[in-house]
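These figures come from a predicted structure and were not determined experimentally. Only this structure's heavy atoms are used, side chains among them; waters, hydrogens and symmetry mates stay out.
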Amino acid sequence: MALSSIAGADADIGLEWRISDAPVAYEAAVAAMVDRVAAIRAGTAGELIWLLEHPPLYTAGTSAEAGELIDPDRFPVHRTGRGGRYTYHGPGQRVAYVMLDLKRRGGDVRAYVNDLEEWLIRTLARFNVVGERRCGRVGIWVRRADLGEPQREDKVAAIGVRVRRWVSYHGVALNVDPALDHFAGIVPCGVAEHGVTSLVDLGIAVSLAEVDMALKAEFSNTFDGSGDGRTCN
């Protein structure tokens, strides 16, 4: 797989940033994460944030229900050990796999998930998009006032994590410009009464490279302990 790096990695805490230039097969990504998690735990590798795309596919988290897979023949379906339900991955979606030593970072999984949410909210704010948490709905949501429907809320980013011996993996997926109709083959994250959107769908003309730089800039702002600790609405 082709890889590149973002300049200025956080060398002081041993954090590596990696970008895959071409879509990465899901099985290969999971295998690579498992290997890296073991190396982080053993102290032979540093923490890693891996930014990538996948070819079109669906993944089923540990809470996925069979009835939420509407079109099982549309794309490959992968069972995975992350939390959550069904989601879609594909080109135009920035997936960030986050492999951090949570024990060294405080040992609080709930705070870690809150920081992932805050990271996405701050990244979206760089593009003048207001992302919000919602109680009972995993992920980050936006109000569709741009469509004249202020009561409508669409999901712009998904979160699904797993922790092994205090090292995190899997992570977040931010919709930059994926084919939104591909979400129609599932009930995304088990939520049927709300839609899915992307930055481009919201009228924000932005590239994956620009999103990557925003993610990197806001990571240290969030995970250095300055997260606001907000809860859902």
Can you give each donor-acceptor pair under 3.5 Å made by side-chain atoms of residues 36-45, sequence neighbours left out, with the distance rounded to 0.1 Å?
| residue | atom | partner | partner atom | Å |
| --- | --- | --- | --- | --- |
| R36 | NE | G46 | O | 3.0 |
| R36 | NH1 | E16 | OE1 | 3.3 |
| R36 | NH2 | E16 | OE1 | 2.8 |
| R36 | NH2 | G46 | O | 3.0 |
| R41 | NE | R165 | O | 3.3 |
| T44 | OG1 | A39 | O | 3.3 |

To the nearest 0.5 Å, atom CZ of R133 lies from atom CG of N114 at 4.5 Å
Mind checking the CG-CZ spacing from L69 to R74? Nearest 0.5 Å is all I need. 11.5 Å
After noting the C-alpha distance and the side-chain angles of W17 and D212, does the key distance pass the side-chain contact (heavy atoms from CB on, under 4.5 Å) rule? CA-CA 10 Å; W17 287 80; D212 292 344; over 6 Å; no
Quick one, M33 and R162 - any side-chain contact, counting heavy atoms below 4.5 Å? no
I'd like to check L120 versus I159 (side-chain heavy atoms, cut-off strictly below 4.5 Å). Are they in contact? yes
Please report the interatomic distance CG(L215) to OG1(T123), rounded to the nearest 0.5 Å. 4.0 Å
Are any side-chain N or O atoms of E53 and backbone N or O atoms of G92, one a donor and one an acceptor, separated by less than 3.5 Å? yes
Measuring only between side-chain heavy atoms, which start at C-beta, is Y58 closer than 4.5 Å to D71? no
Just how far is it from atom CE of M213 to atom NZ of K216, taken to the nearest 0.5 Å? 7.0 Å
Side chains of Y112 and R105: is there a donor and an acceptor less than 3.5 Å apart? no
Is there side-chain contact between R94 and I19, with heavy atoms separated by less than 4.5 Å? yes
Taking every non-hydrogen atom, the tightest pair across D115 and T222: O-CG2, 3.3 Å
What residues, two or more places apart in sequence or in another chain, satisfy side chain to side chain contact (heavy atoms under 4.5 Å, CB included) together with E27? A25, H78
Students often mix this up, so state it plainly: with edges at 30° and 60°, are the rings of H89 and Y26 parallel, tilted or perpendicular? parallel
Relative to the ring of W119, is the ring of F219 parallel (under 30°), tilted (30 to 60°) or perpendicular (over 60°)? perpendicular
Closest non-hydrogen atoms of A64 and A60, given as atom of the first, atom of the second and distance, are CB-CB, 3.8 Å
Does L208 form a side-chain contact (heavy atoms from CB on, under 4.5 Å) with D177? I'd like the steps, not just the answer. CA-CA 9 Å; L208 285 175; D177 190 20; over 6 Å; no
Does H54 use its side chain to pair, donor to acceptor, with the backbone of V24 at less than 3.5 Å? yes
Go through V34 and R164 one step at a time and tell me if the side-chain contact (heavy atoms from CB on, under 4.5 Å) criterion holds. CA-CA 9 Å; V34 169; R164 177 176 291 182; 3.5 Å; yes
Interatomic distance, T80 atom OG1 to Y169 atom OH [nearest 0.5 angstrom]: 7.5 Å
Hydrophobic cluster membership, V200 vs L124, 4.5 Å side-chain cutoff: no
Restricting to non-hydrogen atoms, name the atom on L15 and the atom on L48 that form the minimum distance, rounded to 0.1 Å. CD1-N, 4.0 Å
If every non-hydrogen atom of I121 is compared with every non-hydrogen atom of I140, which pair is closest and at what distance? CG1-CD1, 3.9 Å
Mind checking salt bridge (charged side-chain N to carboxylate O under 4.0 Å, His left out) for D108 and listing every partner two or more places apart, or none if nothing turns up? none
Please test R82 against T87 for side-chain contact (heavy atoms from CB on, under 4.5 Å), starting from the C-alpha separation and ending with a verdict. CA-CA 11 Å; R82 63 158 175 80; T87 195; 3.5 Å; yes
Which heavy atom of P72 sits nearest a heavy atom of V77, and at what distance? O-CG2, 4.0 Å
Check for me, please, whether V109 and V172 land in the same ILVMFWY cluster - side-chain distances under 4.5 Å, paths through other members count. yes
For H170 and V161 the tightest heavy-atom approach is CB-CA, 4.1 Å
Does E132 come within less than 4.0 Å of R143, counting only side-chain N to carboxylate O? yes
Test your reading of the model: is there a side-chain donor-acceptor pair from N175 to the backbone of T197, 3.5 Å cut-off? yes
To the nearest 0.5 Å, how far apart are OH in Y88 and CG in L57? 7.5 Å
Does S168 reach the main-chain N or O of V98 with its side chain, forming a donor-acceptor pair under 3.5 Å? yes
For H194 and F183: C-alpha separation, side-chain torsions, deciding distance, then whether ring-ring contact (aromatic ring centres under 6.0 Å, His included) applies. CA-CA 12 Å; H194 297 281; F183 286 90; over 10 Å; no
